[in-house]
Amino acid sequence: MVKISLAKGINWVGVVDWNIRNFHSYVTKRGSTYNAYLIEDEKTALVDTVKHEFSNELISKITQIVAPLKIDYIIVNHVEMDHSSSLPVMAKCAKNATIIASQRGKDAIIEHYGSDFSIETVKTGDQLKLGKRTLQFVEAPMLHWPDSMFTYVVEDRILMSNDAFGQHFASSKRFDDEVEAHVLMEEAKIYYANILMPLASLIARKLEEVTKMGIPIEVIAPSHGIIWRSDPSKIIKAYSDWSSGVSKKRVVIVFDTMWGSTDKMARAIEEGIASQGIDVKLLKLQATNRTEAMTEILDAKAVVVGSPTLNNGMFPTLGSFLTYATGLKPKGKLWGFFGSYGWGGGAVRGMIEMAQKAGFEVHEQSVEVKYVPEQKDLKKCFEFGRQIAMKIKA
Ligand code: FEO
């Protein structure tokens, strides 16, 4: 096995999940990786494990570097099962190892796998001497579970950030200078929009806290995807922008259509928005997915959502999209709604109710058309789009 080294004695022993396409409802078009790191010093530490189905591969990689019985510590930065479900089998192989986790991590390990483990808890600022090397821990609660923490290798200036700064990106390459930069940033943005978006304020505070701790970071080694070694400040700056809600004067229209009426309305609204010089993108849910839609929404100023009425309610694709979107809680955006119906209506009303319940800012007007839009209806749609554009311009 060719060692994949982050620094002398620090090796990647993770696995590549080439074929995963759905990660708890996030469409992972490029697969993913579960990264684990082995640190050899006078004491040996394994940072994180991998998804259970890959546990043999993890153990095989470790064994080619060091006998598992020589592992002294297994650091559990996060107990979500993509990182911890190999822990029971790993702990059996590394039976001399002590597990290190945050207090909430310890609780979650016991709640997932029982209490048959030797676990020591750490908190922010605690250090663990491995020999020449020191590990320092930074709790990162709700980034994105209560138990989450970062492990920092002091002498090598490597931040093992678990889910933060990751990407669902399967590749035979491990480092940022080995892959196409625009693909890497695209995947990092998709990941942020679909996992970390609701935690924007916590992320901003954590970035500030880490900056104040004055810990220099030369490498960011997340638990998914590519390792940032050439210029970690690039992803830190991107997180800073995304978490502070920096948005472009851009509108995203997300809609679906049954017999083409809502489609015609979407196009007229798009023309109204574009007439004000505002960039606008149309996403039909039959041709896109919620993961792509949320990524487009991340840095947009307004979102306009359209649905035909089916059985007195919104179209199922819109129901799914809005359930996902309201859960991710994008901040500081204007939301507008439109739709079509045959007799009783209900789609637009239902969508507005969902948005208001989620605390979204909803544009005071909406547009509804019975059956097929006529010219006068399309003019109304154009005007609706124009007004939304004017509002975000202001
Ligand atoms: Fe990659 Fe929250 O697990």
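First listed ligand is number 1; within each ligand, the first listed atom is number 1.
- Partners of S244 by side-chain hydrogen bond (donor to acceptor under 3.5 Å, both in side chains), not counting sequence neighbours: none found.
- Taking hydrophobic clusters as Ile, Leu, Val, Met, Phe, Trp and Tyr residues chained together by side-chain heavy-atom distances below 4.5 Å, I226 shares a cluster with I195.
- Just one residue in the list K281, K333, K301 forms a salt bridge (charged side-chain N to carboxylate O under 4.0 Å, His left out) with E296, and that residue is K281.
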**Study point:** D279/K249 under salt bridge (Lys or Arg N to Asp or Glu O under 4.0 Å): CA gap, chis, key distance, verdict
**Key:** CA-CA 7 Å; D279 184 22; K249 284 188 175 160; over 6 Å; no
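- By the salt bridge (Lys or Arg N to Asp or Glu O under 4.0 Å) test, D377 is found to be paired with no residue, residues two or more places apart in sequence or in another chain being considered.
- Scanning for side-chain hydrogen bond (donor to acceptor under 3.5 Å, both in side chains) contacts around K43 gives an empty result, with sequence neighbours left out.
- Neighbours of atom 1 (Fe) of ligand 1 restricted to protein N, O or S atoms under 2.8 Å: the count is 4.
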